[in-house]
Amino acid sequence: MECAAKGSAGAGPCAPGRPSRRCGLCGAVAYCSPSHQMLHWNDHRDECARLQEQMRMADTLNDFPFTFSEEASLLRSGEQMTRCSLFMSKGLHQRGLWTSECSCGPTLASIGGLGIMNDWNLPSSLCPCTDPKNPISTPLSSWKDYYKWRSLPFHSPVALLLHWPLTIYHCLQLSFARNSSSEVSGKLHIHYLGPEKELLQLAVFGELRALFPGLQLYIEIVGPAVPQCRDGETICISNYAHCSEESCHCRSSERTNAVMLRLRKGYYHDRYTDIVKELIKEMGVPAIFTDFCEEAAFLASRCISSVTGRPLSLPIQINPFRQPMAVEDSALYLPCYSNCFIFGM
Ligand SMILES: [Zn+2]
Ligand SMILES: [Zn+2]
Ligand SMILES: [Zn+2]
Ligand SMILES: [Zn+2]
């Protein structure tokens, strides 16, 4: 957390220590000293009312059906419990797919093998390691729906990682609805931009097989965080991440309907200069974005609209499949969750 006036014209250096003077109106920003707060008011005045609105969303955004959510929300106070201690209490700390979920996990640069972590470290009753019992009857619109469909109890922590594939699912539902194509079959290519720690959790994308049983998915994962040595690699995910039971058939069964992932290092606009214009402007291919807080989504959407010259076709909205645990160490007091808000064009 930094003083909101840091770097402002004429501000001078900040007082040492964590800034403790929060704006009395919005409470979203903090200052190191009364003088920096006064100096910053001219800049902050315009955003303060908007941030006040966003702060009011805190309870709505933290409303999850999970029993671990209460423990996780203690994270927001920043003292009693950290991600590490939450995972320790569940025997998941630095194990399998959970390895990169807290700050003591490996960095992307230090990892050679992205495909190796494939283990939930949970009994089969707590993770979706085999095919669903039934197909999806009505589109899933909440974690409650998903857990019910997958027969998972609300103390299962898998939503903490499954927000990646479920967010893709939700974005596709939104764009199918806009293009009024109710039946989707055949092949679907997705360009997935700016991956970070999900690169160390790719096995969870196997859940897309259950979510779209009739669809052959190709996902091009493009971003600067892809390690150079993995550039161009294709990963075929033909299974679900497995449970901890040696005897469970999730470890042995052969399956069809794989999800194909292709890794690409670099920035999207560098990599695909020639097709961006064609895809987005001429063919109208839907582009959907996610961000971790409403202010970031607001600023990004304003920037995108200024480039396209059009308002968003998909206004900023809450993602029901956001990660059900607040982001640690965020720069603001605003409620922040991974994949929290969605907007699109
Ligand atoms: Zn300051
Ligand atoms: Zn304010
Ligand atoms: Zn840790
Ligand atoms: Zn299993």
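The figures here come from the full heavy-atom set of this structure, side chains too, leaving out hydrogens, waters and symmetry mates.
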Just how far is it from atom OH of Tyr337 to atom CD1 of Ile318, taken to the nearest 0.5 Å?
10.5 Å
Using a 3.5 Å distance criterion without hydrogens, assess whether the side chain of Asp231 forms a donor-acceptor pair with backbone atoms of Lys265.
yes
I'd like to know whether Met260 forms a side chain to side chain contact (heavy atoms under 4.5 Å, CB included) with Thr234, so could you lay out the CA-CA distance, the side-chain angles of the two residues, the decisive distance to 0.1 Å, and finally the verdict.
CA-CA 7 Å; Met260 303 299 287; Thr234 300; 3.7 Å; yes
For the pair Gln216 (side chain) and His189 (backbone), establish whether a donor and an acceptor sit closer than 3.5 Å, ignoring hydrogens and angles.
no
For Ile288 and Ser175, work out which heavy atoms get closest and say how close.
CD1-CB, 4.3 Å
Drop me the distance from Arg83's CZ to Leu92's CG, to the nearest 0.5 angstrom.
13.0 Å
Are the side chain of Glu295 and the backbone N or O of Leu334 linked by a donor-acceptor pair below 3.5 Å?
no
Would a 4.5 Å heavy-atom cut-off, applied to side chains only, mark Phe341 and Phe292 as touching?
no
Any salt bridge between Glu53 and Arg56, counting N to O under 4.0 Å?
yes
Taking atom CD of Glu207 and atom CG of Leu162, what is their separation to the nearest 0.5 Å?
5.5 Å
Does the separation of the ring centres of Tyr147 and Phe66 fall below 6.0 angstrom?
yes
For the atom pair CZ (Phe87) and SG (Cys102), what is the distance rounded to the nearest 0.5 Å?
6.5 Å
With a 4.5 Å cut-off on side-chain heavy atoms, are Trp149 and Pro132 touching?
yes
Using atom types as modelled, flag every donor-acceptor pair under 3.5 Å from a side chain in residues 15-27 to any protein atom, sequence neighbours excluded.
residue: Arg21; atom: NE; partner: Gln37; partner atom: OE1; Å: 3.1
residue: Arg22; atom: NE; partner: Gly27; partner atom: O; Å: 3.0
residue: Arg22; atom: NH2; partner: Gly27; partner atom: O; Å: 2.9

Can you find a pair of side-chain heavy atoms, one from Tyr333 and one from Leu51, that are under 4.5 Å apart?
no
Over-ring placement of Arg262 relative to Tyr218, 6.0 Å and 45° cut-offs
no
Rounded to the nearest 0.5 Å, what separates atom OG1 in Thr99 from atom CG in Leu200?
8.5 Å
Checking side chain to side chain contact (heavy atoms under 4.5 Å, CB included) for the pair Arg209/Val259: CA distance, chi angles, key distance, verdict?
CA-CA 7 Å; Arg209 298 169 52 253; Val259 175; 3.4 Å; yes
Hey, are the side chains of Leu208 and Ile237 touching, using non-hydrogen atoms and a 4.5 Å cut-off?
no
If we ignore hydrogens and angles and just use 3.5 Å, is the side chain of Thr290 paired with the main-chain N or O of Ile342 as donor and acceptor?
no
Side-chain contact test, heavy atoms from C-beta onward, threshold under 4.5 Å: evaluate it for Arg264 versus Val226 and give yes or no.
no
Given side chains that start at C-beta, do those of Pro335 and Asn62 come closer than 4.5 Å, heavy atoms only?
no
Give a yes or no on whether the backbone of Ala11 and the side-chain of His36 come within a donor-acceptor separation of less than 3.5 Å.
yes
Roughly how far apart are Asn319 CG and His170 NE2, rounded to 0.5 Å?
5.5 Å
Check the pair Leu172 / Leu188 against side chain to side chain contact (heavy atoms under 4.5 Å, CB included), numbers first and verdict last.
CA-CA 10 Å; Leu172 289 177; Leu188 185 67; 3.8 Å; yes
If you count heavy atoms of other groups shown closer than 6.0 angstrom to CD of Glu245, is the number above 12?
yes
Would Trp143 and Leu166 count as a side chain to side chain contact (heavy atoms under 4.5 Å, CB included) if you check the C-alpha gap in whole Å, the side-chain angles of each, and the deciding distance to 0.1 Å?
CA-CA 9 Å; Trp143 281 122; Leu166 267 295; 3.8 Å; yes
Are Pro139 and Phe176 packed together at the side-chain level, in the sense that at least one heavy-atom pair is separated by less than 4.5 angstrom?
no
Working for ring pair (Phe, Tyr, Trp, His ring centres under 6.0 Å), residues Tyr169 and Phe212
CA-CA 8 Å; Tyr169 169 84; Phe212 297 104; 5.5 Å; yes
Do Phe64 and Phe154 have ring centroids that are under 6.0 Å from one another?
no
Any non-hydrogen side-chain atom of Ser244 less than 4.5 Å from a side-chain atom of Trp120?
no
Tell me whether Ser305 contacts the main-chain N or O of Arg302 through its side chain, where contact means a donor paired with an acceptor under 3.5 Å.
no
Would the distance check show the side chain of Ser89 and the main-chain N or O of Leu86 forming a donor-acceptor pair, the cut-off being under 3.5 Å?
yes
